[in-house]
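Working notes, structure below.
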Amino acid sequence: MNDVDVDIELADTLELDTGNLLAYDPAPHAHNPKSSKDVDEYVLKHGRTLVQALVSDLFIRPTVPDAAPNGRVVRLPDPEERLPRTKPLPKPKQKTRWEKFAEEKGIRSRKRSKLVFDEQMGEWRRRHGYGRVNDANDIAIIEHSEKDGLEAGADPFNALVKERKQRSKDNARKQERNVLLSRGSGGAGGSAAASALVGAGASVGLPSLDGGLKRGTKRDRGNLAQTAALVQRATAGLGKHGATSEGGALRLEGKRQRRIDATDLSADRQANRATVGRILRERSDVLVDSDKAAGKMENERRQAKAYERKAFERRKEKRTPPKKKKKG
Amino acid sequence: MAISRRSTNKATKAAHKAKKPMGAVTLAQAGASIAATRKPKTARGARILKQKEPQLVEKVKRALMLFGGKSSQLLKDAMLGIATVKGKEDVVRLARRNDGVRPLEAGGEVLLEKLARQWECGLFTLATHSKKRPNNITVGRVYDGNLYDVLEMAVQRYEANGFAEKDASVPIPNVAPNSKPMMVFSGAGFERSARGKLAKNVLVDLFRGRIVDNVNLAGVDRVVLCFLGPDSGAAAGNNVSDDEPDEGVVYVRHCAVVLKKSGQNAPSMDGGRPIHLPYVHLVDVGPSFEFRLGRYRLPPPEVAKEACRRSLKPSDKAAERKASLKNTESDELEGRVGRMYAPRQDLSDLQAVSMKRMAARERRLARREREDEEEEEEEEEEEEDDN
């Protein structure tokens, strides 16, 4: 009895997605159920045939050796049914400035030892932590030499502390810069397509949903230039992080940023006229200037008339011979 | 007085809504961005946040199961049935009523998205009961924190132990609850209409389980049968066009698979020994459902394209992993054996003992040497004295 073999008709249309343990028979049901019990029986019977096909396909798959203590493990093919992910694919991490440089130069990082031999002390000390090598606290005396850029009376210990703090600040700044650069050149920052879902409208006859800020706009992408412009305008930094633009030259980006002085009436009028003109031009297919339209139509009519008259004249000339001009 | 207060509230709310400028960020988005900028304070926190980032291969899609304003006994049972078939480990079941969750209405999906984000769920099933749409389960998916697609499935029939008549003599086979089930779809409707296609996609997503490269044949013990039948009743929803055949009822059966000897062999795919093919016997252990499909909403095509993008084929990944697994051999006697190659060590430079102990040892040895010398000297002196 061919219980196990798949029916030839079925084999033609049956779609096996073994990677998902899925079988799909797209053939329309020939069965016309008369009662729910009928349906149940049919479902079980036809379902069994399909499951049989799937199981038969599973069992002839190649074995994966030593994968489980009991039972046979088989390797599955790739799943075919396309299912949406929950989160977008992760964006590859951008390389930092150092990483790019190291790659270029072929520098490879080496693991550092926990202990370092301190020549001064003549003993092994930790690299980091309590009792470390080159601990600033261990230095008892520092000679004050003006060569190192210290003014008279300045505390060289403070200078050391400042140096250390400056180093960590520099590192923090560089890390932030790496993050900004990675965002600017298309690193992780929210998918543009997903932004279409924010307040997305329905595709099939349902009311569209009005959303708020669309993701992927310039502000959200951390546009470096805009951030820079913002920072320039801000004065809270008191010029520490770059020249303030108070009263000075303001590098404003984009058309919108160009502002007109409030007291300049002519400039204001010009701007308004420009805006109005732009809107009218943009919406010209919707808005109709009736005077212009009427004028155009009139013009067309006149031209048509003139053409007709000319044609009539030409035909008339052809018919009657031209009058001979009398000489003299 | 109370009435006027309520109306002013509504009025102010409406005014606020109207006044909201185009570029305003909704509360949900503000919350999300605030969450994004929070930095972890502990290593454990950092690990948890890292897990929540998008991964190359995603874990099982969790289903958020919640109830709307009104419910019914049938709905409660059916939801429990869905959780059982999917696997209770991969389901988040909320207990409270959530009347504001209306995924097919404008603005009604905000709360749902927030909950899905909070519970890390890619799927949701919302059970609502109303006079117009009784026993309705709205199933849908979420992509990137936003509603992706929605499908209404109204429960017409449900039986926890299966519709088939129980034969007392036949023992009910045990089914491992969280094993990966097989799935069988039958019916032209699953590929003919947009709604049918969506139903198939959603059901597969719901019951699929983990994405795996291998499967243990001993664990293949259950199957979910989904049959899409013609619907003799009235049109189910406003999305059904006149040209489409009104195929609106899905029969979902959860059956145990019992494999029996069949006496038939087939050649193995890798050309090894012929495999003995088992005979499949299905037992309707339940739960069994009968759903009527209703309204639906598809995702915008560009989003669908992005969401369904695959990075690497699973087989490529497996090949990659295998390639990186060098130095392994497999033996019948020993099983899988790996070889480790240690780099050549310069033994002269080796520091086998800690610095402290070495120093102490050296001091001890030095002291002993000195003592020995002193002893020798003493002995010599004694000898001299003796002599």
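The analysis underlying the following values was restricted to heavy atoms, covering all of them including side chains, and did not include hydrogens, waters or symmetry mates.
For E15(A), the part lying near chain B is the side chain, with the backbone staying farther off; criterion is any non-hydrogen pair under 4.5 Å. Contacts between Q55(B) and chain A at a heavy-atom distance below 4.5 Å involve the backbone alone (N, CA, C, O). Contacts of K180(B) with chain A are made by both backbone and side-chain atoms, with heavy-atom separations under 4.5 Å. Contacts of V220(B) with chain A are made by side-chain atoms alone, with heavy-atom separations under 4.5 Å and no backbone atom involved. Heavy atoms closer than 4.5 Å to chain A are found in both the backbone and the side chain of K52(B). Neither the backbone nor the side chain of P301(B) comes within less than 4.5 Å of any heavy atom in chain A. Residue C121(B) touches chain A through its backbone alone, counting heavy-atom pairs closer than 4.5 Å. Using a 4.5 Å cut-off between heavy atoms, R309(B) touches chain A through backbone and side chain atoms alike. With a threshold of 4.5 angstrom between heavy atoms, L217(B) approaches chain A through its backbone and through its side chain. Using a 4.5 Å cut-off between heavy atoms, K45(A) does not touch chain B at all. Proximity to chain B (any heavy atom under 4.5 Å) is shown, for V51(A), by both the backbone and the side chain. With a 4.5 angstrom heavy-atom cutoff, A27(A) touches chain B only via backbone atoms. For L259(B), the part sitting under 4.5 Å from any heavy atom of chain A is the side chain, from C-beta outward, and nothing else. Neither the backbone nor the side chain of P274(B) has a heavy atom closer than 4.5 Å to any heavy atom of chain A. Contacts between V215(B) and chain A at a heavy-atom distance below 4.5 Å involve backbone atoms as well as side-chain atoms.
Remark: side-chain polar atoms of R61(A) are not paired, donor with acceptor, to backbone N or O of M269(B) under 3.5 angstrom. Judged by distance alone, with hydrogens and angles left aside, the side-chain atoms of N201(B) form a donor-acceptor pair with the main-chain N or O of R82(A) at under 3.5 Å. Formation of a donor-acceptor pair under 3.5 Å by the K61(B) side chain with backbone atoms of P84(A) is found in this model.
Residues V39(A) and Y251(B) are in side-chain contact: their nearest non-hydrogen atoms beyond the backbone lie under 4.5 Å apart. Counting heavy atoms from C-beta on, the side chains of V74(A) and N214(B) never come closer than 4.5 Å. Side-chain contact between E81(A) and K200(B): present, with at least one pair of heavy atoms (C-beta onward) separated by less than 4.5 Å. Within the 4.5 Å cutoff, no side-chain heavy atoms of R62(B) are placed close to those of T86(A). A heavy-atom distance below 4.5 Å is not found between the side chains of Y24(A) and M183(B). Looking at heavy atoms from C-beta onward, S268(B) lies out of side-chain contact with F59(A) at the 4.5 angstrom threshold. Side-chain contact check for M358(B) versus W124(A): every heavy-atom pair is 4.5 Å or farther apart. Residues P278(B) and V55(A) meet the side-chain proximity criterion, which asks for heavy atoms closer than 4.5 Å.
Interface check for chain B: of the options L50(A), N70(A), I60(A), the most heavy-atom pairs under 4.5 Å are formed by I60(A).
Between the side chains of N216(B) and R72(A), not a single donor N or O lies within less than 3.5 Å of an accepting N or O.
Of the listed residues (R310(B), E58(B), R141(B)), just one forms a side-chain contact (heavy atoms from CB on, under 4.5 Å) with L83(A), and that residue is R141(B).
The aromatic rings of F227(B) and H29(A) sit parallel, their planes meeting at an angle under 30°, below the 60° perpendicular limit.
Atom CZ of residue R48(A) and atom SG of residue C255(B) lie 12.5 Å apart, to the nearest 0.5 angstrom. Of the inter-residue distances, the one linking R273(B) atom CZ with T63(A) atom OG1 reads 8.5 Å to the nearest 0.5 angstrom.
Here the shortest heavy-atom pairing between R253(B) and D40(A) reads NH1-OD1, 2.7 Å.
Between E120(B) and K87(A), at least one side-chain N (NZ, or NE/NH1/NH2) sits under 4.0 Å from a carboxylate O, which counts as a salt bridge.
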